[in-house]
Amino acid sequence: MSPPSSIRQKITLLLTLSGGGAVLVVCLVFAIVDHFEARRQYAREFGLQADHLGSSLHAVLMFGDARGAQQALDAIESLPHMMAARLEDARGERLAEVRRASDLEFPVERVPEQPRYAGRFLEVGRSIDHDGERLGTLILMADLSPLQARSSRLMIIVLAVFALAMVIIAAFARTIRRDITGPIESLAAASREITSQRDFRVRVESTLGGEVGQLMRGFNEMMNTVQRQDDELREARDHLEERVHARTAEMQEEISRRIAVERELIRARDAAEAATRAKADFLANMSHEIRTPLVGVIGMADLLMDSPLSAEQMDHTETLREAGDHLLTLVTDILDFTKIESNKLELEVASFSPAQVCEGVRRLFAPRAAEAGLEFDFSIDPACNGLVLGDAARLRQVLTNLVSNALKFTTEGRVVLRLEAESEARDYRTYHFEVTDTGIGIEPSQQQHIFESFTQADTSTSRQYGGTGLGLAISKRLVERMGGHLRVSSELGKGTRFWFSLTFDVTEPSTEPAVS
Ligand code: ADP
């Protein structure tokens, strides 16, 4: 027999085995106990009957009255279960005897005083005495039919109880089936259907309360959620392709639009570059063209100043000379700037000494600093005396611009030009250049803008200090062309510091310095 597979079979089997088994065991124990109790009771009653009969036979034995003895024994025929009786005298001789069945044999050995079960009969022996002298012996035999009848009755009761128990168990199993296993089976069937058909509309019916009812309602709610999500998923899937097409079309449109914009931008950039190039060329040409007559004007002003002039004429000529100088600086700056912007600036590569370049700048500005009552310090690291390869003129231009600005924007205190060797290798050296002043300083918001062309930190600067706003723009680009970065740090009212580092290849020892 295969083991029960469904929960219903398992619970029914469990109930039957446990309930039916328990009832059966209880009934059997009860029947066994009752059987032995009945045998004991039957034997006791049989013993009492033997006592009673024995005492009635006392007289017949004393007188050896065989007829009276036979009559007394015949009386036992009225006792339903008494099967045989025998009276023996003191010598063991039979005095009287009764047998209800012809095949019935009296036991040969001595029958005990206590009733005993022997085969189909209950036997008992009674010694009948008088004043301590034995008169004779009575032997009685009874059948076991009352016991058998009682056992049969008991078996019927046991069976009836068992049957009743099974009926109760069956009713109980039906209740369990209705309230527990039935719902669980319907849940299992629903799950099977959902899994095999992938149909999330399946629900279980439940009117039950308690945990099982809650379980089924929970299952239905869970399936509602799953179905909703499945519907949404299906809908999303259905629309996905549509959306992908729409999005692809949108993206293609966007790409085409961007390509068009990009083309437009490239066209605009090319046009702007062309315009810038044209402007730079124009500026470069114009600056160059203006420089020649301007140099002539300045030269003429110099000649004029050497000739005998009245004080007023000298004053006018000096003004003319200064204006010419200023104009020449401006034109030179514009020329440099346009060269740099249009990438036409070529750096020279010649052997020079950075220390000597700094010394040249110091010599150039020392008189001006003294005139303005400013301290002009010069700090050169002795390690910087070697020769390197680079454009000394452009380096000087940058330092000149920085020192010139420092002197211009400082009314008291000092200006320091510092040169330090930052690092040194066999083939190259890195120098740190720094110009510090204790002048008016630059506002933090302006510090980024001063490197732009034609920009001044303060609009009043040009009025008060003059200048074009091109010096730092040119210096920054020159330093970058030489491989460095021009940086500034400044505090308004306290002073300004400009610095940059440049790396130059080391000159062969035999090369002569280009700048002294
Ligand atoms: P400018 O010809 O006007 O000096 P620059 O490009 O050299 O042009 O300088 C731009 C501006 O940066 C200056 O107008 C000034 O406002 C500011 N600046 C430059 N150097 C200093 C300095 N050492 N101290 C204070 N302000 C400075």
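Indexing begins at 1, ligand by ligand and atom by atom, following the structure's order.
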Task: Region of T496 that comes within reach of ligand 1 [heavy atoms, distance under 4.0 Å] - done: side chain
- [ ] Number the atoms of ligand 1 from 1 as they appear, then name those within less than 4.0 Å of a heavy atom of A406, with their elements.
- [x] 23 (N)
- [ ] Number the atoms of ligand 1 from 1 as they appear, then name those within less than 4.0 Å of a heavy atom of K408, with their elements.
- [x] 1 (P), 2 (O), 4 (O)
Open item on the list: How long is the straight-line distance from OG of S18 back to CD1 of I169, given to the nearest 0.5 Å?
Closed with: 6.5 Å
TODO: Determine, using heavy atoms of Q446 and all atoms of ligand 1, whether some pair is separated by less than 4.0 Å.
DONE: no
TODO: Check whether the side chains of R394 and Q397 place a donor and an acceptor atom closer than 3.5 Å, and report yes or no.
DONE: yes
- [ ] Quick one: look at D437 and ligand 1, take heavy-atom pairs under 4.0 Å, and tell me if it's side chain, backbone, both or neither.
- [x] side chain
TODO: Check F498 against ligand 1 and report side chain, backbone, both or neither, counting heavy atoms closer than 4.0 Å.
DONE: side chain
When the side chains of residues 228-246 are checked against the rest of the protein, which donor-acceptor pairs come out under 3.5 Å, sequence neighbours left out?
residue, atom, partner, partner atom, Å
D230, OD2, R234, NH2, 2.6
H239, ND1, E235, O, 3.0

TODO: For C384 and A421, work out which heavy atoms get closest and say how close.
DONE: SG-N, 3.4 Å
Open item on the list: If the cut-off is 4.0 Å to any non-hydrogen atom of L472, which atoms of ligand 1 fall inside it?
Closed with: 5 (P), 6 (O), 7 (O), 9 (O), 10 (C), 12 (O), 19 (C)
TODO: Check salt bridge (Lys or Arg N to Asp or Glu O under 4.0 Å) between R263 and all other residues, then give those that pass, not counting sequence neighbours.
DONE: none
Open item on the list: Any nitrogen or oxygen of F409, side chain or backbone, less than 3.5 Å from one on ligand 1?
Closed with: no
Open item on the list: Using 30° and 60° as the class boundaries, would you call the ring planes of F504 and F433 parallel, tilted or perpendicular?
Closed with: perpendicular
